[in-house]
Amino acid sequence: MLSMRSPFPSSSLTTLASSLLLAASGTVGTAWSNPDPLSEKIPSLKEAYAKAFLIGAAPGVAVEKDPAAQKLLAQQFNAVTPENCMKPESIQPKEGEFDFSHADWLVRFAETHHMKVIGHTLAWHHQTPGWFFKTKDGQPASRELALERLEKHITAVVGRYKGRILGWDVVNEAVGDGNNSQLRENSPWMKVVGPEFIEKAFAYAHAADPDAELYYNDYNVERPDKLKKTIALVKNLQAKGLRIDGVGIQGHWGVKFPLKDLEEAILQLKACGVKVMLTELDMNVLPGRQQGADISDTAKWKSQLDPYAKGCPPEVLRKQADQYAALFGLLLKHRDTVTRVSFWGISDGYSWLNDWPIPGRTNHALLFDRELKPKPAFHAVINAANPSSPADPRP
Ligand code: XIL
């Protein structure tokens, strides 16, 4: 389980790493020629789960130049969340200067392929440019100025895609971790505006697109301490008459994670009257930074922290597949509450976990490998939807 959250790698690093990997694997620009990694007929996740919930993926902008990944996206998924391009730093890097190009591309792509779009995200302490919180001459912004900017940002971004987005992750990661306070105190939104930024963000989003669903999204929501605080946040919005449709549990997990806690979280959120989504699912197979690891000895460091650079051992892939199967079994059981399960990335080569929390590693967290081929975890997830299915090729 991930609990430390910073620093994030730059998105360009991730993008560059992904492009290099794809170039090395020969998939860039070769989607329609031989060998086509997708020529083999495989079942589709979105069809297997059609009666249960949406199955999403989070493409980064590199996918715009990767026809093979686009083909896989359209074949397997019926929802997309932009990995970075709708975040404040990407879509309004300077005050009043919007870059909608990548978001426009993805929304059009989704419409062409009959996929739902999830907007991610409007108010967050990360990937939000400093200008939101400063005056033009560099002084700290007043509460009123920061709120005015939040309203303008949300009105412009949500308004542009009005009617084309299923739902927005309105506020991301606002709840405090562990024994800390109810809300994350070190967020610039908290420092400049205070807790009310959450209500305001939901109200502005609803005004800009009254039909869009509105979500609160966070990691570790399944942990009892954080669940309690998340529920308090939901109830506060509800008590104020604000629209909140669902809570997104990110799901950045390792192969060991507490299914029991997750089930409890689903049930408690259901009791609040909100939908639940797994919004950023991945299953890290790499070790965390060990205490005392001597990172000046690069070779040793590499082998300890990046053990599967040349490929993931079959037993690890098998364990991951079993965990994915158990997870999807639980999610199916709660299909009345769980409305979407989205993976964070498309394939292992595109996963942010190659660069977080330690840059430059080779992770194997998703259902498709670096050649976009289905892994044992893919077959396990398909079989979980249809236990009588015979196909589960073991590595
Ligand atoms: C990550 C992206 O995947 C990276 O490319 C970027 O460098 C940092 O952000 N929680 C979230 C996501 O809500 O927006 C984050 O995405 C992963 C953690």
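Just so you know, ligand 1 is whichever comes first in the structure, and atom 1 is the first atom listed for that ligand.
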Check the pair Tyr350 / Phe368 against ring-ring contact (aromatic ring centres under 6.0 Å, His included), numbers first and verdict last. CA-CA 10 Å; Tyr350 277 122; Phe368 298 94; over 10 Å; no

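- Residue contact annotation: Trp124 has a non-hydrogen atom under 4.0 Å from ligand 1.
- A salt bridge links Glu263 with Lys333: at least one charged nitrogen is closer than 4.0 Å to a carboxylate oxygen.
- Contacts of His364 classified as ring-ring contact (aromatic ring centres under 6.0 Å, His included), with partners at least two apart in sequence or in another chain: none.
- Tyr308 pairs by the ring-ring contact (aromatic ring centres under 6.0 Å, His included) definition with nothing, not counting sequence neighbours.
- Which parts of ligand 1 touch Asn172 is read off a 4.0 Å heavy-atom cut-off, strictly below it: atoms 11 (C), 13 (O).
- At a threshold of 4.0 Å, the pair Asp348-Lys375 counts as salt-bridged, since one of the basic side-chain nitrogens sits closer than that to a carboxylate oxygen.
- Here His126 has no heavy atoms under 4.0 Å from ligand 1, in either its backbone or its side chain.
- Asn217 and Thr279 are linked by a side-chain donor-acceptor pair at a separation below 3.5 angstrom, with hydrogens and angles left out of the test.
- The shortest heavy-atom distance from Tyr219 to ligand 1 is not under 4.0 Å.
- The closest approach between a heavy atom of Gln127 and any atom of ligand 1 is below 4.0 Å.
- Counting heavy atoms only, Lys87 comes closest to atom 1 (C) of ligand 1 of the residues His252, Met86, Glu280, Lys87.
- Residue-level proximity to ligand 1 for Asp355 is absent, since no heavy atom of it falls below 4.0 angstrom.
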